[in-house]
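None of these values were measured; they are calculated from a predicted model.
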Amino acid sequence: MLANSEIIFVTLIAALTAFIARYFLKDTRTPVASLAAENSDPLSFLFDDGVLHHASTSAMQQFSLAPGTHVWDDLRGGMLGQFPDFPERPGVGATGSMKLRPAQSNDRVELEMNWRDGMCWVQLNDVAENSNQSGLSARETGPMERCVRTMVQPAWEVNANGRVGWHNDAYDLLERRLGTLQDGNLFSLDGTKNTQRCSAINAKGHKEWFEVVTHQTETGSMNHATPITALVNAEEAQRTFVQTLAKTFAHLPVGLAIFDRRGQLGIFNPALVDLSGLQASFLATQPTMMAFFDALRENRRMPEPKNYRSWRQDIADVITAASDGQYHETWTLEDGRTYSVQGRPHPDGATAFLIEDISAEITLSRSYRAEVEQFETLLDTVDDALVVFSSTGVLTFCNAAYRKMWGQNPEAAFADVTVHDAAKFWQDNAHKDTDWSKLIRFTTVIGLRPVDNFDLTLTQGTKLRCTLCPLAADATLVRFSQNASTVVPIESGAPADH
């Protein structure tokens, strides 16, 4: 038999334990009190340092657990099938709480844990009742549940062990479309990223892309997936298009510089490096338009400004004109080269500059003009009067002897002088017996023509031989030959322009 002192000691220990349990339940489990009013015997357990200290009658019957005999692992073994996230140890620390959802979404229960110091209380709650505990009425939870169930975006919860637990209907549809096993992870997620792009192959063998947003929770993570297949395909098409353009621009002899809406260089081709003399490493840093033109000036690849004080304003005017599509200038550089520079607006506020080396064209044009001037000077030394008509019958050239003989300067006329105008003028200053229709027919015939000639006499008495010669491009040369001793120039008062 126990001594009186031992009986008193056991009694005190039992009373102290009851007091602690009552204090714990009263202080930390206020929702349980309201729950007990609805259910007189909920499934609840109380553990003390991992040993079952108290359990409701229904809990002991359902799990076959007895206070003082079973421990935390015994309850965990019976709960893992329904709650895969059931912790290996009861909660530690001064205070804390945790709620676990079952693996099956149609299982409408929730496991609630509360602990303080070494005491841990575990209770199974109905989901609807738990919703009321959170302060939401059935009228509020109904629309929320329907909203989650009918969401277009797949949403699912992953527990600490990496298994999929709760998920909505959109997730189920996605699983069936992708052919993924039930409760299997659809994507390989990187736990260190909150937002990431993931792809999966559907049952038809097509790749689908999703943007997955992950929110970490105390039991694992909640994930939301947004389909972005169309966006990814559009980005891929854009990259392919840009690569195609880049390959095309790489073979262009024209330097191309495209600045984005912020005024930074976005695209350039190798020809720009050669024409500008700037390093590709500098262009790759995406300089601004102002920095780009500054570098051109320092590299002597644009005309020196007349006034350095207004340099910045001049460049600002160039940028403004290019943005309006009105900039087109020819730059003559110190080394003799000539650049044609154009500015064009591009979509989305971008601006493109085209730089072309036209030195060869300018040199050829200058050489051509010099040869033409030399040829005209040579023809001016010929005594015979020469006049050339194009295939359309327009007077294109006459020498000094023609202007002196006929007193006419077609170059001073405001309008083009045609063969009909010239023939009428010649007819007015010659005898009427001359048939000028032959000349008109000769100049208007296209193709091979034999050389023809006829004689005429001017009103002053000068006899002339008119020779009609075909030229290249169906042009016609009219040549008036005369005897110098009998030349009497037409008076300056005669009409000169027709």
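N159 and E157 share no side-chain donor-acceptor pair at under 3.5 Å.
Here salt bridge (charged side-chain N to carboxylate O under 4.0 Å, His left out) pairs that include residues 316-344, with residues two or more places apart or in two chains, are R300-E334, D335-R337. Identified under the salt bridge (charged side-chain N to carboxylate O under 4.0 Å, His left out) test for residues 235-255, with sequence neighbours left out: R197-E235, E236-R239. Sorted by first and then second residue, the ring pair (Phe, Tyr, Trp, His ring centres under 6.0 Å) pairs with a member in residues 68-89 read F47-W72, W72-F86; sequence neighbours excluded. Every pair passing salt bridge (charged side-chain N to carboxylate O under 4.0 Å, His left out) that includes a residue from residues 347-370 is listed here, sequence neighbours excluded: R261-D348.
Summarising the geometry, atom CG belonging to L178 is positioned 13.0 Å from atom NE2 belonging to H206; distances are rounded to the nearest 0.5 Å. We find the CG-CH2 distance between N168 and W166 to be 5.0 Å, quoted to the nearest 0.5 Å. If you take OG on S44 and CD on E112, they are separated by 11.0 Å, rounding to the nearest 0.5 Å. Interatomic distance, W209 CH2 to C198 SG, rounded to the nearest 0.5 Å: 8.5 Å. With rounding to the nearest 0.5 Å, the separation of CD in Q264 from CZ in R262 is 4.5 Å. Rounding to the nearest 0.5 angstrom, the gap separating the CD atom in Q342 from the CD atom in Q326 is 13.5 Å.
Put simply, the side chain of D48 never gets that close to the backbone of V51: no donor and acceptor are under 3.5 Å apart. Side-chain atoms of R76 come within 3.5 Å of backbone atoms of P87 as a donor-acceptor pair (strictly under, hydrogens ignored). Judged by distance alone, with hydrogens and angles left aside, the side-chain atoms of S367 form no donor-acceptor pair with the main-chain N or O of T363 at under 3.5 Å.
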(message) Pair E110, L100 - check side chain to side chain contact (heavy atoms under 4.5 Å, CB included), show working.
(response) CA-CA 6 Å; E110 182 181 68; L100 301 179; over 6 Å; no
(message) Determine whether L256 and L354 satisfy the following criterion, side chain to side chain contact (heavy atoms under 4.5 Å, CB included), listing intermediate values before the conclusion.
(response) CA-CA 5 Å; L256 176 67; L354 303 175; 3.3 Å; yes
(request) Output, in order, the C-alpha distance, side-chain angles, deciding distance and verdict of side chain to side chain contact (heavy atoms under 4.5 Å, CB included) for L75 and L52. (result) CA-CA 9 Å; L75 177 62; L52 182 60; over 6 Å; no
(request) Would you sort out whether I319 and T351 count as a side chain to side chain contact (heavy atoms under 4.5 Å, CB included), showing the intermediate values? (result) CA-CA 8 Å; I319 295 173; T351 305; 5.8 Å; no
(message) Let's go through T214 and N194 carefully: what are the C-alpha distance in whole Å and the side-chain angles of both, what is the deciding distance for side chain to side chain donor-acceptor pair (under 3.5 Å) to 0.1 Å, and is it a yes or a no?
(response) CA-CA 5 Å; T214 302; N194 295 330; over 6 Å; no
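You'll find the side chain of I258 stays beyond 4.5 Å of the side chain of D260, heavy atoms only. Between L43 and Q62 the shortest side-chain heavy-atom distance falls below 4.5 Å. Within the 4.5 Å cutoff, no side-chain heavy atoms of L111 are placed close to those of K99. The side-chain heavy atoms of F293 and M302, taken from C-beta on, include a pair separated by under 4.5 Å. You'll find the side chain of H224 reaches within 4.5 Å of the side chain of H215, heavy atoms only. A heavy-atom distance below 4.5 Å is found between the side chains of D172 and D169. Taking the side chain as every heavy atom from C-beta outward, F389 and V394 never approach each other to under 4.5 Å. Using a 4.5 Å cut-off on side-chain heavy atoms (C-beta onward), L471 and V388 make contact.
No more than 12 heavy atoms of other residues, nucleotides or ligands lie within 6.0 Å of CG in L448, so this atom counts as exposed by the packing criterion. Other residues, nucleotides and ligands contribute over 12 non-hydrogen atoms within 6.0 Å of the CD atom of Q216.
Between H167 and Y171, the ring planes lie tilted relative to each other; the angle falls in the 30° to 60° range.
The shortest non-hydrogen separation linking W331 to P303 is CG-CD, 3.4 Å. Residues S221 and T217 share a closest heavy-atom pair of N-OG1, 3.6 Å. Across every non-hydrogen atom of P345 and S323, the tightest pair is CB-O, 3.2 Å. Closest of all the heavy-atom pairs between L265 and A257 is CD1-CB, 3.8 Å. Counting all heavy atoms, side chain and backbone alike, A225 lies closest to W156 at CB-CZ3, 3.7 Å. Among all heavy-atom pairs drawn from S199 and F187, the shortest one is O-CD2, 4.1 Å.
Put simply, the residue from L46, N114, D49 that forms a side-chain contact (heavy atoms from CB on, under 4.5 Å) with M119 is L46.
Proximity of the aromatic rings of F353 and F292 is defined here by a centroid distance below 6.0 angstrom, and this criterion is not met.
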Donor-acceptor contacts, no H, no angles, side chain residues 271-291, under 3.5 Å, sequence neighbours left out:
{"unit_1": "S276", "atom_1": "OG", "unit_2": "L272", "atom_2": "O", "d": "2.5"}
{"unit_1": "S276", "atom_1": "OG", "unit_2": "L278", "atom_2": "N", "d": "3.3"}
{"unit_1": "T285", "atom_1": "OG1", "unit_2": "F282", "atom_2": "O", "d": "2.4"}
{"unit_1": "T288", "atom_1": "OG1", "unit_2": "A291", "atom_2": "N", "d": "3.3"}

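For the salt bridge (Lys or Arg N to Asp or Glu O under 4.0 Å) test, residues two or more places apart in sequence or in another chain that qualify with E208 are R177.
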